[in-house]
Structures are given as C-alpha cells and as structure tokens.
2 protein chains.
Amino acid sequence: MSKVDIISIAKALNLSKSTVSRAFQEKSDINPNTRNRILAYANEVNYRPNHYASNLREQKSKTIAVVVPELENNYFTQIIKGAEKIAKQEGYHILIYATDDDINKEREFITSISNGKVDGVLMSVVGERDNHSYLHNIDLKKMPIVFFDRVYDDIDITKIVTDDYQSSFDATEHLILGGCKSIAYLVVDKDHSIGKERALGYKDALKKHKIAIQEDLIVDCSNSYDENFKILKELLINHKPDAVFSSVERLAFSTYFVCNDLGLKIPKDLKVVAFSSLQIAELLSPPLSTVTQPAEQIGQKAAKLLLNTLKGEPQDVDAKTIILKSELRIRKSSQF
Amino acid sequence: MSKVDIISIAKALNLSKSTVSRAFQEKSDINPNTRNRILAYANEVNYRPNHYASNLREQKSKTIAVVVPELENNYFTQIIKGAEKIAKQEGYHILIYATDDDINKEREFITSISNGKVDGVLMSVVGERDNHSYLHNIDLKKMPIVFFDRVYDDIDITKIVTDDYQSSFDATEHLILGGCKSIAYLVVDKDHSIGKERALGYKDALKKHKIAIQEDLIVDCSNSYDENFKILKELLINHKPDAVFSSVERLAFSTYFVCNDLGLKIPKDLKVVAFSSLQIAELLSPPLSTVTQPAEQIGQKAAKLLLNTLKGEPQDVDAKTIILKSELRIRKSSQF
DNA sequence: TTGTATGCGTTATCAC
DNA sequence: GTGATAACGCATACAA
C-alpha cells in the first residue's frame with residue numbers, strides 16, 4: 001500500500017494538487033465533473049485526508065477535551081455522554097482526562113494540551129484550595145475553557161453549575177421536617193466551592209429550623225475508600241447522628257457499607273440523602289434518596305457553549321454563569 | 001501576546017531555530033548551557049511546542065483511541081481507567097468514543113480517525129452480525145488496533161478476552177446445583193461472539209446436568225430500556241423461570257425492576273446472576289451475584305500491548321489472543 | 001556543538 | 001475552473 005495523498009491522486013488524474021484539495025472542500029469553484037472524478041478515484045484508492053497536515057494548516061484539531069475528577073461515576077459519564085452527543089454533531093472528537101482530584105495532574109494536562117492538541121476544554125476542576133495560577137499562563141483566547149459543576153470562581157470564563165445551595169437546603173429541610181435533629185454533612189473537600197455552597201445550604205436549613213450547627217457533624221472525608229470507612233464508622237458510633245446528608249455520591253455508598261457493618265438499619269436508625277445521579281438508586285437496599293443533577297443536560301449545554309465560542313459566535317455576556325436545577329428524589333432511605 | 005515559536009525564541013537568543021528545537025529533544029548533542037538558556041527563556045515567554053506541527057513532522061499524535069459500546073457502565077469506565085493509567089505513563093492521551101452498539105458509528109469513527117488523529121486504537125466492537133468489512137480498508141500497520149472483550153474473530157490482530165465460556169458454565173452450574181431447573185439466559189445480541197461464547201457455557205452446563213435446553217428461555221433483548229422491561233415481564237409471567245442468568249449487566253437491573261413490578265422476591269421466587277463489574281453490587285436489594293471481569297486489568301493489558309506495538313517492539317506471536325479470568329461472586333440474589 | 005536547508009501534507013492566495 | 005506557490009511550526013540530515 002503505497003502512500004496515497006493529494007499529490008499521488010493529482011498525478012494519477014493529471015491534475016494539480018490544488019484541484020484535488022478543492023474536491024474535498026465544501027464550498028469551492030470546482031467543476032462538478034472533475035470533483036466527482038476525484039472523489040471516485042479517491043474512494044477507489046481509499047484516500048483519507050491527513051489530519052496532521054490539515055490540523056497544522058488550519059490551526060485546529062476538531063477535538064475538545066473533557067476533564068473530570070473521576071470517571072467511575074455515573075454523573076460524569078452522563079456529562080461526557082451529553083458533551084459527546086453535541087460534539088459529534090459538529091464533527092468534533094472528545095479527549096478524556098480524569099484528574100483523580102490531583103491539582104498537579106490537572107495542571108500538567110491542561111498545560112500539555114495548550115498548544116494544538118485540542119481546540120477547547122470542558123472542565124470540572126480539582127479544587128479551589130489549590131493553587132490554580134497555572135491557568136494564567138494559558139491563552140484562553142486560543143484554547144477556550146468552559147467550567148462545569150466544580151469551578152474556579154476567580155477565573156472569568158463561562159461556567160455551568162447547578163443550584164447547589166438550594167438543593168442542599170431543600171434536602172436538609174426535608175430531613176428536618178421528618179424529625180431529624182442531628183444531621184451529619186459529608187464532604188470531601190471542605191474548601192471547595194461546591195462543598196462550600198452545599199454546606200451553606202445545609203447550615204442555613206438548620207438555622208431556619210433553629211437547630212444548632214455542630215462542627216463535629218460536618219465531616220471532611222478523603223479519596224481513600226478505606227479511610228472513609230473508618231471516618232464514617234467513627235462518626236456513626238461516637239456521634240450517633242439520626243441522618244446523613246452526603247455531598248458526594250460515593251460517601252453515601254460508604255455510609256451504606258458502614259451501616260451494614262454496624263448492623264444499623266436505614267432508614268430506621270439513620271436516614272440518608274446524597275448528591276447522586278446513579279440510575280439504579282431505586283435498586284439499592286434501601287433505595288437511596290438523591291439530589292440528582294441534570295448531568296446529560298450539563299454536558300450538552302457546556303459543549304454547546306464551547307462550540308459556539310469556537311465558531312466565533314459572540315459570547316452571551318449575560319450568561320457567564322449558567323445555573324441548572326437539580327431534583328430532590330425522595331426514596332426509602334429517608335422515609336419516616 | 002505575540003506568537004511565540006522556536007523562530008521567535010531563536011531570534012531573541014541569537015541562535016538558529018534548529019538549536020532551539022534541539023533544546024526540547026531528549027537526546028541531542030546540544031551544549032547544556034545553551035539548552036538551559038533556551039529552556040529558561042522559553043519558560044519565561046511561556047512557550048509550548050506546537051502539537052500540530054510536531055505531529056505532522058513526526059507522523060504521530062501520541063494519542064490512542066478507546067472505543068467502547070457504552071460509557072455508562074462501570075465495566076467500561078474501569079477499562080478506560082486502566083488504559084489511561086498506562087497511556088499516561090508513556091505520555092499518551094486518550095480519545096474516547098462510544099458506539100452505542102451502532103456499527104455505522106463504529107465504522108465512521110474508525111474511518112475518520114484513520115489518518116493521523118490517533119496512533120492506535122483499543123476497541124470493544126459492536127457486533128459480528130454486522131458487516132465490518134470497513135476494517136479491510138484500514139491500514140492496521142499505520143494505525144494498529146487491539147480488540148478487547150468483544151472482538152471480530154476473523155480479523156487477525158491482538159485480542160484480550162475473558163474466559164466467557166467457563167465463567168458462564170460455572171455460573172449456570174452454580175444455579176443448577178442449587179436446584180434451579182428452569183434457567184433463563186438473557187443476551188442482547190445472540191449472534192455476537194461474546195453472546196455466543198456465554199450461551200455455549202450456559203448450554204453445556206445444562207447438558208452436563210441433563211436439563212433440556214428450552215429456546216424460549218434464551219431471550220434476545222434490545223438496547224431500549226422500555227422494550228427490555230416488556231420482554232422480561234413477558235418472560236417472567238409466561239415462562240416462570242426459577243433463575244435468570246444475564247450476560248449483560250443492565251438486563252439484570254431490568255430484571256430487578258420487573259420483579260419489583262410483579263412483586264416477585266429475589267432470590268425466593270427467582271435467582272439472579274449476571275455478568276457485571278458494578279462496584280456496589282453488594283448494596284443492591286438483594287446483593288447481586290456477579291461474574292466479574294478484571295476490567296482495569298483488561299484496560300491495562302490492552303494499552304500495554306498497543307503501546308508496545310507502537311514502540312515497534314516485536315509482537316508476541318504466541319499471544320495473539322490473551323485470555324484473562326473472571327470471578328464468580330455469589331451473593332444473596334442466587335442464595336438457596 | 002551549531003547552523004542551513006528541506007520536507008511532513010494540507011489549504012489559501014494568487015495568477016492564469 | 002484550474003495550476004503554481006507559499007505558508008503552517010517543527011525536526012532532522014547534512015554541512016560547517
């Protein structure tokens with residue numbers, strides 16, 4: 001199989017390579033006949049335009065990156081699915097990257113792709129606590145970024161978030177109205193914007209109902225499954241909360257495991273509500289009450305905004321931060 | 001921010017662009033001092049090598065594609081995670097594509113990336129029934145492909161699979177030994193290599209124990225959740241199997257939903273075992289017995305083999321098809 | 001060790 | 001409507 005490029009095609013057909021190139025462009029003044037002749041021959045010799053070359057020439061790769069904290073989470077895979085759907089419509093491909101909540105990985109990845117690997121980025125960031133000044137070295141005109149879900153507030157770009165404060169407030173109030181007096185709040189990174197927003201909703205709901213905020217019940221967990229198991233076991237044994245509200249899906253799973261271990265019954269001994277987009281929440285034992293974010297919609301919206309930017313359409317300045325609504329789905333784990 | 005490339009750096013430092021270029025290569029006879037001088041300046045002006053250009057020049061993109069049937073499945077995300085881990089070590093990036101079990105999407109994607117978008121591909125294919133002759137037009141020397149899990153038998157490339165026949169046999173025998181006489185087998189695409197392998201294990205286990213194979217109990221499902229719900233409801237009502245063995249995770253979920261709908265109790269009224277890598281299988285109601293494939297390991301192995309090929313290392317001819325072992329994890333859903 | 005020159009395969013700008 | 005030619009930014013063979 002010898003190299004087949006526009007030059008070899010041109011030679012075979014006694015044309016110039018410019019004409020051949022033109023045959024593959026949408027809009028160009030080329031004779032329909034010659035175009036067909038070229039297309040037919042190209043098909044015959046199985047020609048594919050060379051991405052390396054056209055990327056260089058056009059300074060774009062028709063690829064966008066999606067950066068998420070973790071892949072093994074329905075929420076993020078649904079977002080990716082949503083983004084992919086939109087991207088595909090426009091002929092874009094998706095580069096995936098999981099940061100595992102490590103700011104170094106985030107920085108290294110964004111930096112490494114910042115000159116010609118992708119045309120733009122959708123990102124849910126690692127954390128605010130960490131130093132994300134590396135972003136100042138990125139030319140956001142050249143490689144636009146759209147944040148979703150977890151964002152850096154101080155970076156002035158388009159952001160898609162959900163109404164974390166309100167959902168959190170509602171979920172907490174739901175527990176209070178059912179009679180809970182001692183509600184634990186689980187978080188992975190207290191200093192993170194999302195953790196903070198959600199914590200605020202939780203606290204304000206407590207305040208509204210005149211329940212004292214106990215710092216002992218605000219539990220900062222880790223990324224290690226084993227550590228979390230210990231932390232939560234300690235919580236349930238020593239502080240005996242009557243409910244757990246988890247701002248992170250997997251901490252709810254850990255809570256279930258700890259309850260099984262301790263012989264605690266959900267919801268009798270402990271109510272549980274969690275941020276989660278798990279599609280089989282209904283099948284858990286017991287079915288898990290969730291704050292479910294519109295994951296696929298987030299992915300679609302984010303991708304649309306990014307692609308609009310890439311197309312050079314004017315940024316909708318009034319909509320720098322877009323807020324989508326989550327849904328509180330009450331199931332047996334928080335039944336009274 | 002004016003354009004910063006090796007030429008502008010060269011000018012600023014009174015060097016030639018080749019020298020500057022050399023500073024960024026690992027092995028090149030460049031004076032350590034000049035290299036440091038270049039690196040320091042490059043860092044100062046925030047230079048990033050241009051991927052478009054170096055890709056074209058080197059005819060590689062340091063990117064591999066991972067093609068999976070679906071993203072919203074722990075099994076595949078774990079595989080991606082495994083592949084990503086290996087890829088990252090070698091400085092490769094990952095392009096993700098979900099085919100949604102549509103051969104057209106598979107063909108279009110593979111074809112579209114086949115000239116310079118990626119250096120190689122890891123793929124779990126859509127199906128055998130479908131015409132996959134498009135692969136003959138792909139230059140597998142130029143863009144090597146490694147199949148995993150679901151493969152096209154007739155394409156002679158490296159494949160990573162699990163011991164589907166044996167796992168299926170074991171799972172079925174487990175149900176028989178517990179006293180089941182009427183075991184339904186759920187599959188999505190009967191003609192698919194995996195479906196066939198798994199069906200064979202199921203049938204041979206029945207044969208060994210002198211249980212007649214009933215075609216009515218071999219149920220071909222679809223990709224639509226609603227359709228599957230109907231199909232399975234019909235199965236449970238009209239054929240009253242005492243066990244269900246699902247070759248696909250999500251069909252087990254559907255079975256759970258149908259049982260809830262019909263008021264059937266698992267495992268009392270129906271035992272369930274399924275191929276699944278769900279990490280919270282234990283938390284389902286009831287905990288789901290699974291045949292669990294070594295997902296992350298598959299991803300790692302596949303990536304390693306592909307990267308070895310890309311490095312030009314000799315293919316291990318004895319290992320064209322690598323078989324990894326799955327694990328039967330018996331939980332309450334198939335307890336007697 | 002460094003500089004010069006060339007090409008990777010396209011697309012775009014001109015002429016014709 | 002078509003052809004010649006110049007970029008795109010980098011990496012290498014070769015010369016110095």
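Model, not experiment: these values are computed from the prediction. All heavy atoms count here, side chains included; hydrogens, waters and symmetry mates do not. Proteins come first, then strands; the chains are lettered A, B, ... in the order of their sequence lines, and each starts at number 1.
Residue-level contact check: Y47(B) touches the backbone only, with heavy atoms under 4.0 Å from sugar-phosphate atoms and none from bases. Nucleic acid contact for D5(B): sugar-phosphate only, since backbone atoms but no base atoms lie under 4.0 Å from a heavy atom of the residue. Here S21(B) lies in heavy-atom contact (under 4.0 Å) with a base. Among the atoms of the strands shown, base atoms are found under 4.0 Å from some heavy atom of L56(A). If you check every strand for non-hydrogen atoms under 4.0 Å, L15(A) touches sugar and phosphate atoms only. Nucleic acid contact class of D29(B) (heavy atoms, under 4.0 Å, all strands): base.
A close approach under 4.0 Å does occur between a side-chain nitrogen or oxygen of S16(B) and OP1 or OP2 of dG3(C). Phosphate contact (OP1/OP2 of dT2(C), side-chain N/O of T34(B), threshold under 4.0 Å): present.
The two atoms that bring I86(A) and A303(A) nearest to each other are CB-CB, 3.8 Å, heavy atoms only.
The pair E70(B)-K81(A) does not count as a salt bridge, with every side-chain nitrogen at least 4.0 angstrom from each carboxylate oxygen.
Close placement of the Y47(B) and F24(B) rings is indicated, their centers lying within 6.0 Å of each other.
Distance OH (Y52(A)) to C1' (dC8(C)): 11 Å, rounded to an integer number of Å. In this structure, CD1 of I38(B) is placed 8 Å from P of dT2(C), rounded to the nearest angstrom. Between the CD1 atom of I30(A) and the C1' atom of dA12(C) there is a distance of 15 Å, rounded to whole Å. Atom NZ in K17(A) sits roughly 16 Å away from atom P in dT13(C) (whole-Å rounding). Rounding to whole angstrom units, CD of residue Q25(B) and C1' of dT2(C) are separated by 15 Å. Atom CZ in F24(A) sits about 15 Å away from atom P in dG9(C), given to the nearest Å. Protein atom CG of N36(B) is 13 Å distant from nucleotide atom P of dT1(C), rounded to whole Å. dT6(C) atom C1' lies 8 Å from atom CZ of R57(B), rounded to whole Å.
For the atom pair OG of S54(B) and CG of N115(A), the computed distance is 8.5 Å after rounding to the nearest 0.5 Å.
Projected onto DNA chain D by closest heavy-atom contact, R48(B) and R22(B) fall at different nucleotides, the more 5' of which corresponds to R48(B).
A donor-acceptor contact under 3.5 angstrom links the side-chain atoms of S18(B) to the base of dT4(C).
Results of the side chain to side chain contact (heavy atoms under 4.5 Å, CB included) test with M143(B) over D119(B), I64(B), V121(B) single out V121(B) as the only residue that passes.
Remark: the S18(B) side chain and the S21(B) side chain contain no N/O donor-acceptor pair separated by less than 3.5 Å. Checking Y134(A) against E106(A) by side-chain atom types alone, a donor-acceptor pair falls below 3.5 Å.
Think of the region where chain A sits on DNA chain D: with heavy atoms and a 4.0 Å cut, that region ends 5' and 3' at dG1(D) to dG9(D).
Heavy atoms from other residues, nucleotides or ligands lying under 6.0 Å from NZ of K85(A) number 12 at most.
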